[in-house]
Amino acid sequence: MGATRIFRRAERTVLAVRRAEVRVVRGPDKGRALVLGDDGATSAIIGTEADADLVLRDDTVSQRHAELRAGPLGWTIRDLGSTNGTWLGDARVIEAVLDERTKRLAVGETELAWKLLDGEIEHALADRPFGDLVGEAPQMRRTFALLEEAARSDATVLLEGESGTGKEVLAERLHRASARAAGPFVVVDCGAIAAGLVESELFGHEAGAFTGADRARAGAFEEADGGTLFLDEIGELPLPLQPKLLRALEAREVKRVGGARSRPLDVRVVAATHRRLDRMVAEKSFREDLYYRLAVIRVRVPSLRDRVEDIAPLARRFLARARPDADPAALLPPSLVALLERYAWPGNVRELRNVIERLALVGELDTAVDARPVGPPPPYHDAREEALARFERDYCLACLEAAGGVVAQAAARAGISRQMFHRLLKKHGVS
């Protein structure tokens with residue numbers, strides 16, 4: 001039995017996802033469990049990284065160790081190039097289908113119990129794209145359906161998803177589709193502002209409010225009056241400022257830093273994050289009341305690997321923008337499209353756009369996408385080390401870009417010490 005199916009019901013297209021559960025039965029996280037399918041997601045990552053769907057503390061487990069994915073054949077597990085492997089019984093597997101007969105699997109030295117649960121969770125799919133966005137894959141059509149619902153109201157929206165999935169683009173299209181389209185669309189990146197300046201950036205300040213405040217300045221809330229305020233990387237908002245944001249959302253008014261009076265506002269807020277805010281709430285690093293105030297409409301934006309059907313049309317669109325005179329059939333032949341569809345895209349849509357722009361300008365990929373050898377493959381460990389080196393370098397560069405070149409902030413984003421981040425930069429010749 002498949003784990004996903006699409007059908008029509010009462011004038012709507014529906015995605016049904018078979019529920020399943022994976023539970024730790026041996027290892028440091030014994031008892032921890034993950035139920036699959038409830039939130040409409042058709043994939044989940046197992047690993048030690050903080051943003052994995054099932055986070056393990058086992059040192060023998062890789063950061064992104066394995067991926068569970070639902071599809072027409074059922075739920076499958078795929079090893080993501082882990083060090084110590086993914087196992088079904090005594091067999092080390094690269095990819096395998098998990099069915100009713102599957103009882104146990106292992107990642108590193110952690111043993112997991114597998115169970116298919118009764119019933120399916122149904123999710124409405126949009127029957128047309130949202131604005132001019134590309135999206136034929138079921139997961140993207142699910143996203144479009146939620147955005148269509150959000151566009152009919154002024155409810156606060158929380159966009160969750162990996163970096164590079166296009167959350168800002170979705171927020172801007174949501175603004176365009178709403179009754180506020182004629183108003184301003186203001187963007188604030190909460191992760192790119194020094195902690196001491198966030199309050200002023202959001203709420204504004206009066207002259208003399210602090211050193212350097214030589215004149216009054218409106219904040220982002222005031223600038224977005226009548227329109228939409230997009231708060232990107234809301235998970236980076238300092239904890240002391242979270243009550244003030246909550247108050248602004250509830251009262252629909254703000255008080256400038258150093259000001260004596262509050263100013264009423266008519267603002268719709270859309271927030272986005274690559275972090276798991278529900279876990280941050282459990283860890284007391286994000287306020288629970290603010291989380292629920294932001295997540296009135298919660299939208300999980302799929303990764304590019306969850307929407308393989310969209311890779312080719314996205315590539316053609318990026319190519320047309322970069323080189324309107326180019327022949328898509330010549331620059332994107334079927335063999336290259338197949339290569340693009342096999343690649344994992346850790347940088348998601350942003351990485352695909354960059355790859356296609358380079359292809360349009362210089363006629364080559366020059367990326368991990370085309371790093372597949374011609375002829376017999378090299379030894380496993382050599383290939384793995386090469387892939388790991390590419391990942392480390394690209395990952396460090398992505399963290400630096402997101403942090404505006406500030407190493408301390410980049411290291412914090414990566415969840416490692418500044419000294420270790422410096423070592424990685426030196427190792428890969430990044431200055």
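Reckoned from all heavy atoms, side chains included, excluding hydrogens, waters and symmetry mates.
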Are any non-hydrogen side-chain atoms of F421 and V407 less than 4.5 angstrom apart? yes
Sidechain-backbone polar pair: H65 side chain, G85 backbone, donor-acceptor under 3.5 Å: yes
Check for a donor-acceptor pair, side chain of S285 on one end and backbone N or O of V281 on the other, with a separation under 3.5 Å. no
Flag the pair E136 and R307 as a salt bridge only when some basic side-chain nitrogen lies within less than 4.0 angstrom of an acidic carboxylate oxygen. no
Would you say CG of D132 has more than 12 non-hydrogen atoms from neighbouring residues, nucleotides or ligands within 6.0 angstrom? yes
Take atom CZ of R252 as the centre, draw a 6.0 Å sphere, and report whether it contains more than 12 heavy atoms from other residues, nucleotides or ligands. yes
Mind checking whether L98 and L88 have side chains closer than 4.5 Å, heavy atoms only? yes
Stepwise side chain to side chain contact (heavy atoms under 4.5 Å, CB included) check, L15 with Q139: CA-CA 9 Å; L15 168 68; Q139 280 299 312; 3.8 Å; yes
Any heavy-atom pair between the side chains of F221 and V269 that's under 4.5 Å? yes
Take I45 and L54 through the side chain to side chain contact (heavy atoms under 4.5 Å, CB included) test and state the conclusion after the steps. CA-CA 6 Å; I45 298 294; L54 180 61; over 6 Å; no
I'd like to know if R217 and E201 make a salt bridge, using a cut-off of under 4.0 Å between side-chain N and carboxylate O. yes
Taking the side chain as C-beta and beyond, is there a heavy-atom pair between E199 and H205 under 4.5 Å? no
Run the side chain to side chain contact (heavy atoms under 4.5 Å, CB included) test on D306 and R69 for me, step by step, so that the C-alpha distance in whole Å, both residues' side-chain angles and the decisive distance to 0.1 Å come before the verdict. CA-CA 9 Å; D306 281 336; R69 180 180 296 275; 2.6 Å; yes
So with a 6.0 Å cut-off around CG of D90, is the heavy-atom count from everything else above 12? no
On a heavy-atom basis, which atom in G226 and which in P184 lie closest, and how many Å separate them? C-CD, 4.2 Å
Would you call E172 and R176 a salt bridge, using N to O less than 4.0 angstrom? yes
From S163 atom OG to H274 atom NE2, the distance as rounded to the nearest 0.5 Å: 5.0 Å
Donor-acceptor contact below 3.5 Å, side chain T86 vs main chain A66: no
When you measure from the side chain of R418 to the backbone N and O of A408, does any donor-acceptor pair fall under 3.5 Å? no
Looking at D58 and T110, would you say the former's side chain and the latter's main chain have a donor-acceptor pair under 3.5 Å? yes
One should read off an interatomic distance between I77 CD1 and L105 CG, to the nearest 0.5 angstrom, of 4.5 Å
Hey, does the side chain of T102 reach the backbone of D99 with a donor-acceptor pair shorter than 3.5 angstrom? yes
4.5 Å side-chain heavy-atom contact, R413 and E233: yes
Looking at every non-hydrogen atom in both residues, tell me the closest pair between T48 and V61 and how far apart they are. CG2-O, 3.3 Å
Using salt bridge (charged side-chain N to carboxylate O under 4.0 Å, His left out), reason through D38 and R19 one step at a time and then give a plain yes or no. CA-CA 7 Å; D38 281 355; R19 300 175 71 240; 2.7 Å; yes
Answer yes when R305 and E67 have at least one side-chain N-carboxylate O distance shorter than 4.0 Å, and no when they do not. yes
What pair of heavy atoms forms the shortest contact from L331 to L359, and how long is it? O-CD2, 3.6 Å
Taking all atoms of both residues into account, what is the closest heavy-atom pair of A315 and L340, and its distance? CB-CD1, 4.3 Å
Rounded to the nearest 0.5 Å, the OH atom of Y343 sits from the CD atom of E351 at a distance of 4.0 Å
R276/E160 salt bridge by N-O under 4.0 Å criterion: no
Output the distance between atom CG (D127) and atom CD (E11), rounded to the nearest 0.5 Å. 10.0 Å
Worked check of side chain to side chain contact (heavy atoms under 4.5 Å, CB included) between L237 and L202: CA-CA 11 Å; L237 187 70; L202 290 176; 4.2 Å; yes
State whether the number of non-hydrogen atoms from other residues, nucleotides or ligands found under 6.0 Å of E148 atom CD is greater than 12. yes
With a 3.5 Å distance limit and no angle check, can you tell me whether T76 reaches the backbone of A96 through a side-chain donor-acceptor pair? no
Is any side-chain heavy atom of T4 closer than 4.5 Å to one of T42? yes
Is the shortest side-chain heavy-atom distance between T228 and V267 below 4.5 Å? no
So do V188 and D232 actually touch side chain to side chain, heavy atoms under 4.5 Å? no
Would the distance check show the side chain of W345 and the main-chain N or O of R342 forming a donor-acceptor pair, the cut-off being under 3.5 Å? no
Electrostatic pair R92-D79, nearest N-O below 4.0 angstrom: no
Would you call D51 and R275 a salt bridge, taking side-chain N to carboxylate O under 4.0 Å as the test? no
Cut-off 3.5 Å, side chains only: do Q242 and Y291 have a donor facing an acceptor? no
Over all atoms of both residues, closest heavy-atom pair of S43 and D53: O-OD2, 4.5 Å
Separation of C396 SG from R423 CZ (nearest 0.5 Å): 11.5 Å
All heavy atoms of E162 vs all of S303, minimum pair found to be OE1-CB, 3.8 Å
So F185 and H175, would you call those rings parallel, tilted or perpendicular, with 30° and 60° as cut-offs? tilted
Say whether T13 and R8, considering side chains only, have a donor N or O and an acceptor N or O under 3.5 Å apart. yes
Pair R57-D29, salt bridge (charged side-chain N to carboxylate O under 4.0 Å, His left out): steps then yes or no: CA-CA 7 Å; R57 295 171 294 174; D29 304 285; 2.6 Å; yes
Is a side-chain donor or acceptor of R104 paired with a backbone partner of L112 at a separation under 3.5 angstrom? no
Does R268 use its side chain to pair, donor to acceptor, with the backbone of S153 at less than 3.5 Å? yes
Distance in Å, E223 CD paired with D225 CG, rounded so as to fall on 0.5 Å steps: 11.0 Å
